[in-house]
Amino acid sequence: GSLSHLSPCSSGLMDMQRLKTRAQFQAAMSGGVIARSGHFALHRLVLETASVSSDTNPIGPGSLPAAQEPQALFTVPGETYPQVWIGPLVPKRWAKRSVTRHAIKRQAYAVAEAFAPQLQALPAKAAYVVRLRTGFDRKHFVSACSDTLKAAVRAELQQLFATAVRRGQPVKAQPASAPPVSEGVA
C-alpha cells in the first residue's frame with residue numbers, strides 16, 4: 001500500500017498552511033474579527049506581500065528582532081508570496097471532551113479546505129483563526145461526537161467562511177469623495 005493519499009500535495013490544503021505556534025495564533029487574532037456565528041468567531045490578519053521573503057530564516061523563539069512585524073511569523077522558506085494560513089482555536093472551556101474538540105477542529109480544516117480556492121483567489125492573503133466562542137448545548141447534542149453535532153458545526157463554519165470570502169472581495173464602489181452624478185438635473 002502506498003501512503004500517497006496522505007501527502008500534503010494531494011490535499012486541498014496544499015497551498016494553505018496550518019497555524020502551529022501560540023505566537024502565530026495571537027498574531028492572527030490581533031487582526032480582528034471579520035465574521036461571527038452563533039458559536040464561532042473568525043479572526044483575520046491580512047498578510048502583506050512585502051513582508052515575506054525567501055531569505056528569512058527564523059531560528060527559534062525570540063530570534064526575530066523586536067521591531068519586526070508579526071507578519072514574520074508567517075514566512076515559509078523558499079516562498080516569495082504570502083499564503084493563506086488557518087488554525088482552529090477550541091478551548092476546553094467550551095468543549096469539555098477531547099473527542100468534541102478534535103471533531104470541531106477536523107470540521108474547521110475540512111471547511112477551510114473546501115473554501116481554499118476562494119480564499120486563495122482573494123487579492124490579500126491572510127491568516128485565519130476559527131475560534132469557538134461558546135459551547136454547544138449538551139441537551140441538543142448528547143453525544144460528544146455525533147453526526148448532528150458535526151453537521152451543525154459544519155453549517156456554521158460554511159456560513160462563517162462565506163462571509164469572510166464576501167468581505168475579502170475588492171469593493172467595486174464609486175469614490176467616496178465624489179457625489180453621485182445625476183443626469184438631466186441643472
Side-chain angles (χ1 to χ4, degrees), residues 1-47 73-74 76 82-171:
S2 169
L3 295 177
S4 64
H5 67 283
L6 297 176
S7 74
C9 293
S10 65
S11 163
L13 288 172
M14 174 177 75
D15 293 331
M16 291 183 103
Q17 299 290 324
R18 290 187 178 191
L19 299 176
K20 292 185 169 67
T21 67
R22 179 184 180 126
Q24 286 177 324
F25 277 89
Q26 288 175 334
M29 289 179 66
S30 73
V33 175
I34 60 160
R36 280 191 178 91
S37 69
H39 295 92
F40 295 97
L42 184 64
H43 297 260
R44 176 178 67 190
L45 174 68
V46 175
L47 304 175
L73 295 168
F74 303 101
V76 177
Q83 297 177 320
V84 175
W85 292 74
I86 184 74
L89 184 64
V90 186
K92 287 182 183 178
R93 176 182 181 185
W94 300 122
K96 302 274 185 226
R97 298 191 57 189
S98 173
V99 66
T100 305
R101 289 192 306 276
H102 284 91
I104 291 171
K105 287 179 185 181
R106 282 192 299 273
Q107 291 298 317
Y109 284 126
V111 172
E113 184 176 338
F115 276 88
Q118 293 153 321
L119 293 172
Q120 291 290 346
L122 292 177
K125 303 299 183 242
Y128 297 91
V129 172
V130 177
R131 179 176 55 89
L132 182 65
R133 61 188 193 103
T134 184
F136 283 87
D137 187 5
R138 295 183 83 173
K139 291 177 185 163
H140 291 105
F141 304 102
V142 179
S143 173
C145 188
S146 66
D147 289 338
T148 54
L149 175 64
K150 289 178 189 175
V153 167
R154 188 175 195 86
E156 272 195 51
L157 291 174
Q158 286 171 336
Q159 172 192 0
L160 212 60
F161 276 97
T163 302
V165 168
R166 271 196 318 274
R167 291 191 177 167
Q169 297 290 340
V171 178

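Starting from 1, each residue takes its place in the sequence as its number. These values consider heavy atoms only, across backbone and side chains, with no hydrogens, waters or symmetry-generated copies.
Remark: R131 pairs with H43 by the side chain to side chain donor-acceptor pair (under 3.5 Å) rule, at least two apart or across chains. Q159 pairs by the side-chain contact (heavy atoms from CB on, under 4.5 Å) definition with S37, not counting sequence neighbours. Annotation: side chain to side chain donor-acceptor pair (under 3.5 Å) contacts of S143 (sequence neighbours excluded): none. Evaluation of the side chain to side chain donor-acceptor pair (under 3.5 Å) rule for D137 yields H140 as partners, not counting sequence neighbours. With sequence neighbours excluded, no residue forms a side chain to side chain donor-acceptor pair (under 3.5 Å) with R101. For A155, the side-chain contact (heavy atoms from CB on, under 4.5 Å) criterion is met by no residue, not counting sequence neighbours. Residues that satisfy the ring pair (Phe, Tyr, Trp, His ring centres under 6.0 Å) test with F115, not counting sequence neighbours, are F161. Every residue meeting the side-chain contact (heavy atoms from CB on, under 4.5 Å) condition with R36, not counting sequence neighbours, appears here in chain and number order: V33, A41, R133. Residues that satisfy the ring pair (Phe, Tyr, Trp, His ring centres under 6.0 Å) test with Y128, not counting sequence neighbours, are absent from this structure.
Here the CG-CE distance, from L119 to M16, works out to 5.0 Å after rounding to the nearest 0.5 Å. The distance from atom CG of L89 to atom NZ of K105, rounded to the nearest 0.5 Å, is 8.0 Å.
When all heavy atoms of A95 and L132 are compared, the pair lying nearest together is CB-CD2, 4.1 Å. Taking all atoms of both residues into account, the shortest heavy-atom contact from L149 to F136 is CD1-CG, 3.7 Å.
Residue pairs meeting the side-chain hydrogen bond (donor to acceptor under 3.5 Å, both in side chains) criterion with at least one partner in residues 90-100, sequence neighbours excluded, are S98-H102.
At least one side-chain heavy atom of V130 sits less than 4.5 Å from a side-chain heavy atom of I86. Considering only heavy atoms from C-beta on, L19 comes within 4.5 Å of F74 through its side chain.
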